[in-house]
Amino acid sequence: MRPPISPDILPPDDFDLGLVASDIDGTLLLNWKPISTATIDAIHRCQDAGIPFVLVTGRPMRWLAPIAEQIPDLGRVVCVNGAVVYDIASQSIVDAHTIDAQTLAEITAAVRVDHPEARFAYETLNGGFIDREFVTGRPREARIIDDVSELAGEDVVKVLVRLETNDSQAMHDLIDPLVDGTCHASFSEPDNGLVELAPHGITKAKTLSDLCDLLGVARAQVMAFGDMPNDIEMLSWAGHGVAMGNALGSVKAIAAAVTDEVDDDGVARYLDAVLDSRPNDS
């Protein structure tokens with residue numbers, strides 16, 4: 001039997017929980033497995049207590065269907081690393097930040113000057129597009145293009161870059177200076193060889209902040225869970241940021257607390273401990 005969550009890593013007694021924000025992959029689930037019953041129960045426990053539970057993910061809208069099947073009563077989801085707010089119940093886009101055609105051309109050109117081997121994929125509001133030589137595990141889900149100009153008229157919300165390495169951190173360190181000031185670079189897996197480019201100024205934290213303003217929830221009331229570098233801004237911004245036990249060291253370093261790993265229901269166990277400590281939930 002696993003030991004209980006230590007009270008020492010729970011929020012301070014005066015923390016007023018008003019909203020829970022959580023990444024999906026590596027946080028709520030691993031390797032596309034279903035979300036565990038314990039985690040779903042913890043999410044519903046939050047909702048029953050009047051505490052919104054908001055998914056904040058790098059996934060595009062088209063990859064949210066398995067989540068909606070398991071938790072159909074979720075509301076708005078911050079997806080594509082903050083570029084899109086999507087209503088999972090009505091399957092509709094609420095808001096979107098896009099990369100215009102000129103900026104898109106500048107990004108690809110800047111990267112290719114230093115890295116002619118670079119290959120790109122593009123997430124749009126109308127699905128995915130990939131360079132002809134871009135390696136992907138889901139080729140049937142994307143349309144192949146030969147030049148970025150073919151995206152004219154498409155609403156591009158994320159660009160993915162692949163070089164000849166699987167070291168995402170090393171890739172990020174190479175690409176980030178080339179696109180600084182044009183878009184926001186991050187990555188969501190350490191060894192898939194992908195750097196993700198969001199519209200300039202857009203992060204999970206920025207869009208979550210805007211959503212919290214809409215919902216009337218203060219930053220100090222937000223508890224956030226994550227595991228990868230694209231979660232760092234969100235965990236740093238939240239009133240209480242919690243890293244998963246399987247998170248990268250850079251993520252754990254900025255978090256207020258570290259919970260169990262995703263396969264040990266880290267989010268569920270931490271939320272249950274927090275809710276058990278609340279006077280109205282004891």
Side-chain angles (χ1 to χ4, degrees), residues 23-26 31-32 56-67 77-84 86 93 96-180 182-200 202-204 207 228-231:
D23 173 49
I24 295 177
D25 296 286
N31 298 327
W32 290 80
V56 187
T57 178
R59 287 192 185 197
M61 298 80 71
R62 56 199 172 93
W63 289 0
L64 293 175
I67 308 301
V77 175
V78 176
C79 53
V80 203
N81 287 331
V84 176
Y86 182 75
I93 295 170
H97 303 273
T98 60
I99 303 173
D100 63 79
Q102 180 178 340
T103 302
L104 198 60
E106 291 173 358
I107 290 169
T108 54
V111 172
R112 281 192 167 125
V113 165
D114 282 16
H115 304 283
E117 79 282 10
R119 296 293 179 266
F120 298 88
Y122 311 89
E123 189 64 40
T124 79
L125 298 182
N126 192 35
F129 295 78
I130 58 174
D131 287 349
R132 189 167 295 278
E133 297 179 8
F134 186 91
V135 178
T136 175
R138 296 169 175 266
R140 294 183 180 179
E141 292 188 5
R143 284 163 279 184
I144 296 173
I145 61 172
D146 293 304
D147 188 83
V148 68
S149 63
E150 296 176 46
L151 293 172
E154 296 288 347
D155 294 312
V156 177
V157 290
K158 181 166 73 170
V159 179
L160 297 98
V161 188
R162 189 181 291 283
L163 302 181
E164 293 177 345
T165 176
N166 288 328
D167 187 334
S168 301
Q169 180 67 65
M171 276 189 58
H172 177 272
D173 293 345
L174 292 172
I175 292 173
D176 186 46
L178 303 177
V179 300
D180 184 42
T182 307
C183 56
H184 178 76
S186 64
F187 63 93
S188 56
E189 290 187 33
D191 54 7
N192 70 348
L194 285 174
V195 169
E196 304 172 20
L197 308 180
H200 180 58
I202 297 301
T203 64
K204 289 184 174 185
T207 305
M228 284 292 150
N230 64 333
D231 296 315

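None of these values were measured; they are calculated from a predicted model.
No side-chain donor-acceptor contact under 3.5 Å links T98 to the backbone of V157. Put simply, the side chain of D100 gets close to the backbone of T103: a donor and an acceptor are under 3.5 Å apart. Not one N or O on the side chain of D191 forms a donor-acceptor pair closer than 3.5 Å with the backbone of N166. Judged purely by atom type and a 3.5 angstrom limit, S186 has no side-chain atom pairing as donor or acceptor with the backbone of P229. Using a distance-only test at 3.5 Å, with no hydrogens or angles considered, no donor-acceptor pair links the side chain of D131 to the main chain of E133. T207 places no side-chain N or O within 3.5 Å of a backbone atom of K204 that could act as its donor or acceptor partner. In this structure, R119 contributes its side chain and I130 its backbone to no donor-acceptor pair below 3.5 Å. With hydrogens and angles ignored, the 3.5 Å screen pairs no side-chain donor or acceptor of R59 with any backbone N or O of I24.
Here the straight-line distance linking atom CE of M228 with atom CG of D25 works out to 10.0 Å at 0.5 Å rounding. Taken from OH in Y122 to CG in L160, the straight-line distance is 10.0 Å, to the nearest 0.5 Å. Expressed to the nearest 0.5 Å, how far CD1 of I99 lies from OG1 of T124 amounts to 11.5 Å. The distance from the NE2 atom of H115 to the CG atom of L163 is 5.5 Å, given to the nearest 0.5 Å. Atom CD of E123 and atom CD of E154 lie 10.5 Å apart (nearest 0.5 Å). With rounding to the nearest 0.5 angstrom, the CZ atom of F120 is 8.0 Å from the CG atom of L197.
Residues L174 and V195 form no side-chain contact, since every pair of their non-hydrogen atoms from C-beta on lies 4.5 Å or further apart. Within the 4.5 Å cutoff, side-chain heavy atoms of V80 are placed close to those of M61. V77 places none of its side-chain heavy atoms less than 4.5 Å from the side chain of I67.
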Worked verdict on V179 versus H200 for side chain to side chain contact (heavy atoms under 4.5 Å, CB included): CA-CA 9 Å; V179 300; H200 180 58; over 6 Å; no
Quick one, C183 with V159, criterion side chain to side chain contact (heavy atoms under 4.5 Å, CB included). Give me CA distance, side-chain angles, the key distance, then yes/no. CA-CA 10 Å; C183 56; V159 179; over 6 Å; no
From CA spacing to verdict: side chain to side chain contact (heavy atoms under 4.5 Å, CB included), I202, H184: CA-CA 7 Å; I202 297 301; H184 178 76; 5.9 Å; no
Trace of the side chain to side chain donor-acceptor pair (under 3.5 Å) decision for D147 with S149: CA-CA 5 Å; D147 188 83; S149 63; 2.7 Å; yes
Could you go through M171 and T165, starting from their C-alpha distance and side-chain angles, then the distance that decides it, and tell me whether this counts as side chain to side chain contact (heavy atoms under 4.5 Å, CB included)? CA-CA 7 Å; M171 276 189 58; T165 176; 3.3 Å; yes
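Nearest heavy-atom pair, S168 versus G193, reported as atom, atom and distance to 0.1 Å: OG-N, 3.2 Å. For the pair F187 and H172, the tightest heavy-atom approach, listed with the atom from each and the gap, is CD2-CB, 3.9 Å. Considering every non-hydrogen atom in both L178 and A110, the closest pair reads O-CB, 3.9 Å. The heavy-atom pair separating G127 from R143 by the smallest distance is CA-NH2, 3.9 Å. The two residues K158 and N81 have their closest heavy-atom pair at CD-ND2, 4.1 Å.
Judged by distance alone, the side chains of E106 and T182 never bring a donor and an acceptor atom under 3.5 Å apart.
The number of heavy-atom neighbours closer than 6.0 Å to CD of Q102, taken from other residues, nucleotides and ligands shown, is 12 or below.
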